[in-house]
**Q** 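After the C-alpha cells below, expect a handful of questions from me.
FYI, the numbering just counts along the sequence from 1.
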Amino acid sequence: QSSDIAFLQYTGGTTGISKGAMLTHRNIIANMMQISAWITAKLTEGEEVVMTPLPLYHIFSLTVNCLAFAKIGANIVLITNPRDIPAFIKELKTSRPTAMSVVNTLIVALLHDKSLTGVDFSRLKITVAGGMALQTPVAKQWMETTKTVIIEGYGLTETSPLASVNPFEGGKLGTIGLPAPSTEMRVIDDNGKEVPCGTSGELCVRGPQVMKGYWNQAEETARVLSSDGWLRTGDIAEMAEDGYFKIVDRKKDMILVSGFNVYPNEVEEVAVSNPKVKEAAAVGVPDEKSGEVVKLFVVKKDPSLTAAELISFCHRLLTSYKVPKHIEFIAELPKNNVGKILRRELRDREKHPASH
C-alpha cells in the first residue's frame, strides 16, 4: 500500500531528542517526483555527474541524491569522508561534477582550502544547498569561485524532505524559494492564525510529502500535525509579496533580549561577513538586566581578530540589542554528522561549563 511505512527516518535532534518520522511509500515517491520535475529543467537524463558529500542515510541526500538523481540516470559519486577536504578536492578535480549537493559548513571548509583554486568547475551546472541556512556571504563567494549558481531549498525529515526550492532562473538569494509542486505553505501566529506578508510566524507545510506521524509518539504527532494535514515545522519564516519564503530561524533557538526577538541566523550572517571570521554560532545566555543576551562562539580565520573588534563590527550592522555581548573564540563549532551546527550543545556548555 502507498500508505505503508517505507522509512523510519530519525530527525537530526539538533533542538531536542531525535524522533522517528514515519515516511510512507507515497511520501518518498511524491518527493522524488517533485524534485525530478524541478531538476529536469536544467539537467539531462543519463549525462550528469553528481557529487554527493552527504551520507545517504540523511534525508536530504537519500531523496535528492540517491533517488531523484538516480531516477535521471546520473553517475553519483559518493564522498565517504567530506571532513577530509584535501581528498574531497582531489575527487572534484578527477570527477568534474555537473551537480553537487552541499550544506553551508561544507562550502565554508572548501572555500578555506587554497587547493580549491585548482579545480575546474566549467562542467558544474548547479549546486544545491540544504540541511541548514545558507549564509549569503558564503553563497556569493561560492558563486564567484565556481562561476555557477547555488540554489537553496528547504525541507525537514518530516517532509521527505523537500518542501520548497528556488527556481534555476531568477531565484532569490537568502530565500528558500517557492513551494514544491503540489505543496502549500503558510505562516501562522501563536494562535494559529495566518499572518500577512512580511510578518514573521511559524511556517506550516501541507502536501503529499508530509509524514504520517512520529513512530510511537502520538502526543508529539498531535502537537505538530493537524487533522487536515498541516505540519507545524518549528521554523520561523515570512512570506514576501511575490510568494517567496524566507526562514528567519528555528523557533527553539530564538533569543529573547528585553522582550525583543533576536534570531541567531541574522547575528551569525553579520559575523561571518567579517573577513577575519571563518564560522560563528549565536546562542542566548542568561542576563540579570535583560533576561537574555547574545553570546557568539567564533572560529577565527585571521588570528589577529579580537572580541572588541568584532563587537564594534556588529554594532555597525545590527540594532544594539542584537549585538553580541559576549564573544568566545573556539577552535571548532560542535556539529552533527551532516555538518549542521549544534547550538543546543553550545547552550548546554553555558549551563554546565565544568563538564566541557
**Q** So, Y10 versus W215, ring centres under 6.0 angstrom or not?
**A** no
**Q** Are I255 and V285 linked, directly or through intermediate hydrophobic residues, by side-chain heavy-atom contacts shorter than 4.5 Å (ILVMFWY only)?
**A** no
**Q** Can you tell me if D120 has over 12 outside heavy atoms packed within less than 6.0 Å of its CG?
**A** yes
**Q** Tell me, please, which residues at least two apart from K125 pass salt bridge (Lys or Arg N to Asp or Glu O under 4.0 Å).
**A** E48
**Q** Would you call the rings of F260 and Y321 parallel, tilted or perpendicular if under 30° counts as parallel and over 60° as perpendicular?
**A** parallel
**Q** Is it possible for you to say whether V270 and V108 belong to one hydrophobic cluster, with membership spreading through side-chain heavy-atom contacts below 4.5 Å?
**A** no
**Q** Which residues, ordered by chain and number, are linked to V187 in its hydrophobic cluster, where ILVMFWY side chains connect at heavy-atom gaps below 4.5 Å, directly or through other members?
**A** F7, L23, I28, M32, I59, L62, L67, Y154, L156, I176, M185, V195, L203, V205, V210, M211, Y214, V224, L225, L231, M239, F245, I247
**Q** Under 4.5 Å between side-chain heavy atoms, counting indirect links through other Ile/Leu/Val/Met/Phe/Trp/Tyr residues: same cluster for V294 and F329 or not?
**A** yes
**Q** Under 6.0 Å from the CE atom of M33, do we count more than 12 heavy atoms belonging to anything else shown?
**A** no
**Q** Run the salt bridge (Lys or Arg N to Asp or Glu O under 4.0 Å) test against R232 and tell me which residues pass, sequence neighbours left out.
**A** E202
**Q** Any link between F313 and V272 through a network of hydrophobic side chains (Ile, Leu, Val, Met, Phe, Trp, Tyr) touching at under 4.5 Å?
**A** yes
**Q** Please report the interatomic distance CE(M254) to OG(S200), rounded to the nearest 0.5 Å.
**A** 10.0 Å
